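Worksheet: the structure to be examined is printed underneath.
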Amino acid sequence: MAEVQMYRGLRDVYFDKTEASFIDGQVGKLLYRGYNIHDLAQKSTTEETIYLLLHGKLPSRRELEQFDAQLRGNRSIPDEVVQIIRTVRKSHPMDVLRTAVSALSAYDPETEDKSSEATLRKGIRLTAQAPTIVAAHARIRDGKEPVPPNPQLNQAANFLYMLFGTEPDPEEARLMDVDFILHAEHGSNASAFAARVAAGTLADVHCAVVAGIATLKGPWHGGAAEQVMRMSLDIGEPERAEEYVRNVLASGGRLMGFGHRVYHALDPRAVHLKEGCRALGEKKGQPKWFQILSKVEEVMQPYAQRGICTNVDFWSGAVYYLMGIPEDLFIPLFAMGRVPGWTLQVLEQYADNILIRPLLHYVGPMDLAYVPIDRRG
Ligand code: ACO
């Protein structure tokens with residue numbers, strides 16, 4: 001059999017061009033549409049960042065107001081979808097989100113319209129609706145009624161409001177705002193690739209977002225934040241962190257929240273969540289989680305020299321935990337923040353489409369004789 005050039009996991013393979021985000025994994029640099037993530041995290045808002053991603057430029061004040069109104073006006077979900085959420089309420093919130101987004105396609109007026117204008121409108125609707133799904137499910141499974149969206153609140157504050165039923169503390173709302181900015185887009189990660197594969201067959205954006213949600217669920221991708229918080233709870237006290245880490249590594253395990261296919265330096269998104277975790281822990285009188293995670297990071301220093309540093313998921317879990325958000329909502333939080341990035345990549349895929357269809361190198365037996373069933377041993 002002929003030798004083939006194999007790129008397992010498509011590592012370091014470019015498969016297309018993008019104008020969405022630029023990542024330099026050697027120095028830990030991330031740009032959205034040319035703008036540095038640090039500037040956006042410090043100076044922008046979720047609404048402005050989503051506009052930037054979807055429209056390719058920073059909005060004027062008037063454009064931002066109109067876009068914000070579009071997001072606020074599209075937050076509600078049909079009663080039929082709430083009913084579906086009630087039916088599957090015992091499932092993992094990520095499965096509920098996937099199911100509900102899939103169900104939304106049955107009620108969207110433009111499901112089959114794959115023009116870029118309709119795809120953009122659908123992506124904006126899904127961006128607005130995803131938090132409503134996650135919050136509604138969290139309440140329903142606790143025996144409470146969903147809280148309707150509050151059009152007075154921005155995307156981040158409204159999510160916390162729908163989840164807890166009270167208007168959030170402004171600092172927590174701002175931290176959630178930053179979190180959404182940091183999660184909005186990230187190149188050809190596994191879930192965006194899955195979304196592009198779906199779009200490459202000319203499936204619609206609901207299908208692509210469902211593929212993205214499904215792919216994000218795994219602990220080697222979006223599921224890491226939940227695992228990091230479980231680890232912190234297991235560790236319990238900062239003094240136990242070192243022994244815990246050494247035991248995981250000695251048994252050949254991986255520390256969740258460390259390492260990245262592209263970053264071989266500190267993930268720039270982690271910087272903001274680390275500071276958010278520290279500040280929120282102080283404010284809540286619970287500095288312990290920051291101390292535990294800082295100790296874990298310190299013990300992992302030798303790995304940092306090999307390019308295995310903390311990633312975005314390392315600090316986000318503790319931030320959510322300090323806000324009182326249940327651990328199994330951490331991945332859906334990531335997913336609802338990523339809907340704009342998936343939408344943008346679907347638009348890019350449609351704009352210059354090609355079917356994404358790589359090859360698998362067959363290594364099994366060849367030309368076996370077919371034996372009828374009654375003659376098999
Ligand atoms: N803990 C310990 N060792 C690690 C870790 C880790 N978290 N991550 C990578 N390594 C080691 C591997 O064991 C391997 O060592 P070896 O060369 O001695 O065999 C080496 O680093 C390279 O690892 P790969 O698996 O080849 O790296 P890959 O790019 O395939 O994996 C991944 C990236 C999956 C993210 C990995 O780092 C990992 O499993 N991390 C933990 C899960 C996690 O935090 N995921 C979130 C990623 S960020 C995101 O998706 C939003």
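These figures come from a predicted structure and were not determined experimentally. Both ligands and their constituent atoms are indexed starting at 1 by order of listing.
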(message) Assess the residue pair Q291 and E237 against the criterion (side-chain hydrogen bond (donor to acceptor under 3.5 Å, both in side chains)); give the C-alpha distance rounded to whole Å, side-chain angles, the decisive distance to 0.1 Å, and a yes or no.
(response) CA-CA 8 Å; Q291 289 163 359; E237 295 300 330; over 6 Å; no
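Under the side-chain hydrogen bond (donor to acceptor under 3.5 Å, both in side chains) criterion, E48 pairs with S44, not counting sequence neighbours. When the side-chain hydrogen bond (donor to acceptor under 3.5 Å, both in side chains) test is applied to R33, no partner is found at least two apart in sequence or on another chain.
Y51 and F67 have perpendicular rings, their planes meeting at more than 60° on a 0 to 90° scale where under 30° would count as parallel.
R240 forms no cation-pi arrangement with Y244, by the criterion of a distance under 6.0 Å to the ring centre and an angle within 45° of the ring axis.
Within 4.0 Å of ligand 1, the residues that place a heavy atom are R11, P219, W220, H221, A224, R254, L255, M256, G257, F258, G259, H260, R261, Y303, R306, I308, N311, V312, D313, F334, listed by chain and number.
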Check residues 54-63 and write down every donor-acceptor pair under 3.5 Å in which the side-chain atom is one partner and the other belongs to a residue at least two apart or another chain.
from : atom 1 : to  : atom 2 : distance (Å)
K57  : NZ     : E63 : OE1    : 2.7
K57  : NZ     : E63 : OE2    : 3.2
S60  : OG     : E63 : N      : 3.1
S60  : OG     : E63 : OE1    : 3.3
E63  : OE1    : S60 : N      : 2.7

